Protein chains: 2
Amino acid sequence: MKPAESCCGPGSDGPDERPIEGAAADDELAALAKALGHPARVAILRLLGRKNACICGDIVAELPLAQSTVSQHLKVLKDAGLIRGDIDGPRVCYCLEPRALRRLKALVGGL
Amino acid sequence: MKPAESCCGPGSDGPDERPIEGAAADDELAALAKALGHPARVAILRLLGRKNACICGDIVAELPLAQSTVSQHLKVLKDAGLIRGDIDGPRVCYCLEPRALRRLKALVGGL
DNA sequence: TTGCTATATCGTAAAAGTACGATGAAGCCG
DNA sequence: CGGCTTCATCGTACTTTTACGATATAGCAA
């Protein structure tokens, strides 16, 4: 079976090179944390993590929010770099951006 | 020398027992991340981490913000449980709450 | 006591976040 | 082509955040 690769190619790999401390790291961590700072967005990340494949607007069906609101939350996550959205015909397929997630964990771990 | 224990007794220790997933964990992670979601607050946490001892309103001197604004940020961090403030005569001595920090790392790690 | 220092809180203003319905854009199907 | 689905964006209202100066509170010192 071909579960995940139907959309969302492999995320960029390799180690993160940027520093884990300093003013730039502070801003970076704050931006990532801000994106995480809403329960709906945490729920979306968890949802995308459960299906290792990437799902689309089924997210709307899983959350008690209007479609436009979910779209806004997805935009916040995408602007923060935490997820990626690939167009798949009439739908959009979202998936985690593992690199950003690793970066977040490294920054939080540096606290 | 007696660097750290001048104020801020040892934080509670022992493992965290709460679940790392589910709606409650989502809310908890979102609340912690929201508190982290501002560069000034990240800077404050880093400041408190560098001095393993806890410092007081020297934080105000280190940040390009008014005293009242720093006090607000400290309140956000304290309400989130990430720091603790012990009264030390006329000053207040803030320090990290290692337990909350561990909890944050565990929750982020669970993503 | 009065005064001084350190911190919190109040009041306010501007900016950002949250949520919704309505509308628009883009792609598929018949 | 027209109509349908999927999603983003717009416009709007409300709430929250951020920041500041001004004021209150609490402890120390003289």
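No experiment lies behind these values; they were computed from the predicted model shown. Below, chains carry the letters A, B, ... as their sequence lines are ordered, and counting in each starts from 1.
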Choosing from [options], which nucleotide comes nearest the side chain of [X]?
X	options	answer
B/Ser71	D/dG21, C/dA8, D/dT9	C/dA8
B/His73	D/dA19, C/dC20, C/dT7	D/dA19
A/Val92	D/dC7, C/dT7, D/dC20	D/dC7
A/Tyr94	C/dA6, C/dA8, D/dC7	D/dC7
B/Pro90	C/dG21, D/dG27, D/dA22	D/dG27

Output the rounded distance in Å from [atom1] ([X]) to [atom2] ([N]).
X	N	atom1	atom2	answer
B/Lys75	D/dT17	NZ	C1'	14 Å
B/Asp86	C/dA8	CG	C1'	16 Å
A/Ile87	C/dA26	CD1	P	10 Å
B/Asp88	D/dA26	CG	P	17 Å
A/Leu36	C/dT18	CG	P	12 Å
B/Ile55	C/dT7	CD1	P	11 Å
B/Arg91	C/dT5	CZ	P	11 Å
A/Gln72	D/dG11	CD	C1'	11 Å

With distance as the sole test, does B/Arg99 use its side chain to make a donor-acceptor pair with the main-chain N or O of B/Gly81 at under 3.5 Å? no
Using atom types as modelled and distance alone, determine if a side-chain donor or acceptor of B/Arg103 lies under 3.5 Å from a backbone N or O of B/Arg18.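 Answer holds: yes.
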For a side-chain contact (heavy atoms from CB on, under 4.5 Å) check, start with the C-alpha distance between B/Leu111 and A/Leu36, then their side-chain angles and the critical distance, and finish with the verdict. CA-CA 11 Å; B/Leu111 292 176; A/Leu36 260 187; 4.1 Å; yes
Going by salt bridge (Lys or Arg N to Asp or Glu O under 4.0 Å), name the residues that satisfy it together with A/Arg84, two or more places apart in sequence or in a different chain.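 If we apply the salt bridge (Lys or Arg N to Asp or Glu O under 4.0 Å) test to A/Arg84, skipping adjacent residues, the hits are A/Asp86, A/Glu97.
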List the steps and the verdict of side-chain contact (heavy atoms from CB on, under 4.5 Å) for B/Leu77 and B/Leu48. CA-CA 12 Å; B/Leu77 289 170; B/Leu48 293 178; 5.9 Å; no
Contact nearer the 5' end of DNA chain C, comparing A/Gly89 with A/Ser68: A/Ser68
Heavy-atom nearest nucleotide on DNA chain C for A/Gly37 versus A/Gln67: which residue maps closer to 5'? A/Gly37
Do any side-chain nitrogens or oxygens of B/Thr69 fall under 4.0 Å of OP1 or OP2 in D/dC20? yes
Check nucleotides 13-17 of chain C for protein N or O atoms closer than 3.5 Å to its own N or O atoms and list the pairs.
{"unit_1": "C/dG17", "atom_1": "OP1", "unit_2": "A/Lys34", "atom_2": "NZ", "d": "3.2"}

Give one of base, sugar-phosphate or nothing for A/Leu65, where a contact means two heavy atoms less than 4.0 Å apart.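 Result for A/Leu65 = sugar-phosphate.
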Could you point out which residue of B/Leu82, B/Leu96, B/Ile59, B/Val76 forms a side chain to side chain contact (heavy atoms under 4.5 Å, CB included) with B/Ile44?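 Only one of B/Leu82, B/Leu96, B/Ile59, B/Val76 forms a side chain to side chain contact (heavy atoms under 4.5 Å, CB included) with B/Ile44, namely B/Ile59.
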Using every non-hydrogen atom in the two residues, find where A/Ala25 and A/Pro19 come nearest and quote the distance to one decimal. CB-O, 3.8 Å
